[in-house]
Amino acid sequence: MRVALADDSPHLRAGLRALVSSLGAEVVAALGRGSDLVDVVTAAPAAAPVDVALVDMRMPPTHTDEGLRTARRIRALRPATAVLVFTADDEAPYAAELLRGAPGGTGYVLKSTITDRERLRSALDRLVAGDVVVDAEVARQVVTLPGAAPVLTRLDDRQRAALLLALQGRDVNGTILAGLRTALGLAGDTSAYADIDTDAGTGTGLRTGPRAGTDGFIARELISWLLAHG
């Protein structure tokens, strides 16, 4: 796996480079500006593309949404490169902007995730597999988007818990998940979810079963629904 990263803090940049390398990934660049990250990703040869780009949300020159704009440019110019935006804040508006209409291989997480070795390993693996990756706190913020509130009141406690797990790409009981989709008015045959394994304690990725599409499909579907109603 080839990874390029950008953060304006030399200390965090060096630490993240070492952490990613310790996972067996090749860090092709560690940079201080989002524009430089875009240049590296787009200049990578087809035979050795950047698989994942990691970018801090707040960087020079404005320290506001540079990470968001960098991620959008990379996905537009190199859609095969997964992008993970990390931030110190669990801000739903930025997460919504990044994830709205986003294909798989897109993520928005807190810095506590990218500085934790096992959580970072899981995020990278899921991104290259085409998942949408969000933290628990970010998922909670997305769920509280005002427009989604009226419909979410239809959910019972188990369905609300299942929604948060599914948004994170974690394992969810198939019967509960089918009921959740029905309650949200999502179209399609829900029987495909009845055979999903239940192993919510592992957090190793959502088992989608033989007819439910690729890993991460359900998380993308639910995030898309929430953002459309938020």
Side-chain angles (χ1 to χ4, degrees), residues 84-87 89-113 116 118-119 121-123 125-127 129-230:
L84 181 67
V85 176
F86 54 89
T87 178
D89 307 303
D90 54 351
E91 296 169 300
Y94 283 143
E97 285 187 56
L98 175 66
L99 299 172
R100 194 182 307 277
T106 305
Y108 187 96
V109 300
L110 300 179
K111 285 188 176 179
S112 58
T113 290
D116 180 286
E118 293 309 312
R119 292 168 71 187
R121 183 200 302 275
S122 174
D125 287 345
R126 289 175 54 204
L127 285 166
D131 281 7
V132 169
V133 176
V134 295
D135 277 333
E137 288 305 316
V138 175
R140 290 189 185 96
Q141 290 292 327
V142 172
V143 166
T144 60
L145 288 169
V151 179
L152 296 182
T153 58
R154 306 174 193 166
L155 306 182
D156 60 30
D157 290 341
R158 291 196 307 169
Q159 289 170 336
R160 290 191 187 94
L163 175 60
L164 287 174
L165 288 174
L167 287 174
Q168 298 168 67
R170 296 179 62 183
D171 302 320
V172 179
N173 175 277
T175 301
I176 295 175
L177 184 58
L180 170 62
R181 294 181 76 254
T182 299
L184 295 179
L186 291 168
D189 178 12
T190 61
S191 63
Y193 302 102
D195 295 327
I196 298 174
D197 294 331
T198 304
D199 191 12
T202 66
T204 54
L206 188 62
R207 295 185 176 92
T208 53
R211 289 191 291 139
T214 61
D215 287 346
F217 168 79
I218 298 171
R220 293 198 297 275
E221 178 187 49
L222 292 174
I223 287 171
S224 296
W225 183 92
L226 285 166
L227 296 180
H229 289 75

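What's counted below: heavy atoms across the whole structure, side chains too, no hydrogens, waters or symmetry copies. Along the sequence shown, residues carry numbers from 1.
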Considering non-hydrogen atoms only, spot the tightest contact between A123 and L84 and give its length.
CB-CD2, 4.5 Å

CG on D156 to CG on L180, rounded to 0.5 Å:
9.0 Å

Spell out, as yes or no, whether a donor-acceptor pair under 3.5 Å connects the side chain of D116 to the backbone of E118.
yes

Is the CZ atom of R158 crowded by more than 12 outside heavy atoms at less than 6.0 Å?
no

Please check: side-chain N/O of R126 versus main-chain N/O of D131, any donor-acceptor pairing under 3.5 Å?
no

Spatial distance of atom CD1 (I176) from atom CG (L155) [nearest 0.5 Å]:
12.0 Å

Of the non-hydrogen atoms in T113 and D135, which two are nearest, and what is the gap between them?
OG1-OD1, 2.6 Å

Mind checking whether V109 and V133 have side chains closer than 4.5 Å, heavy atoms only?
yes

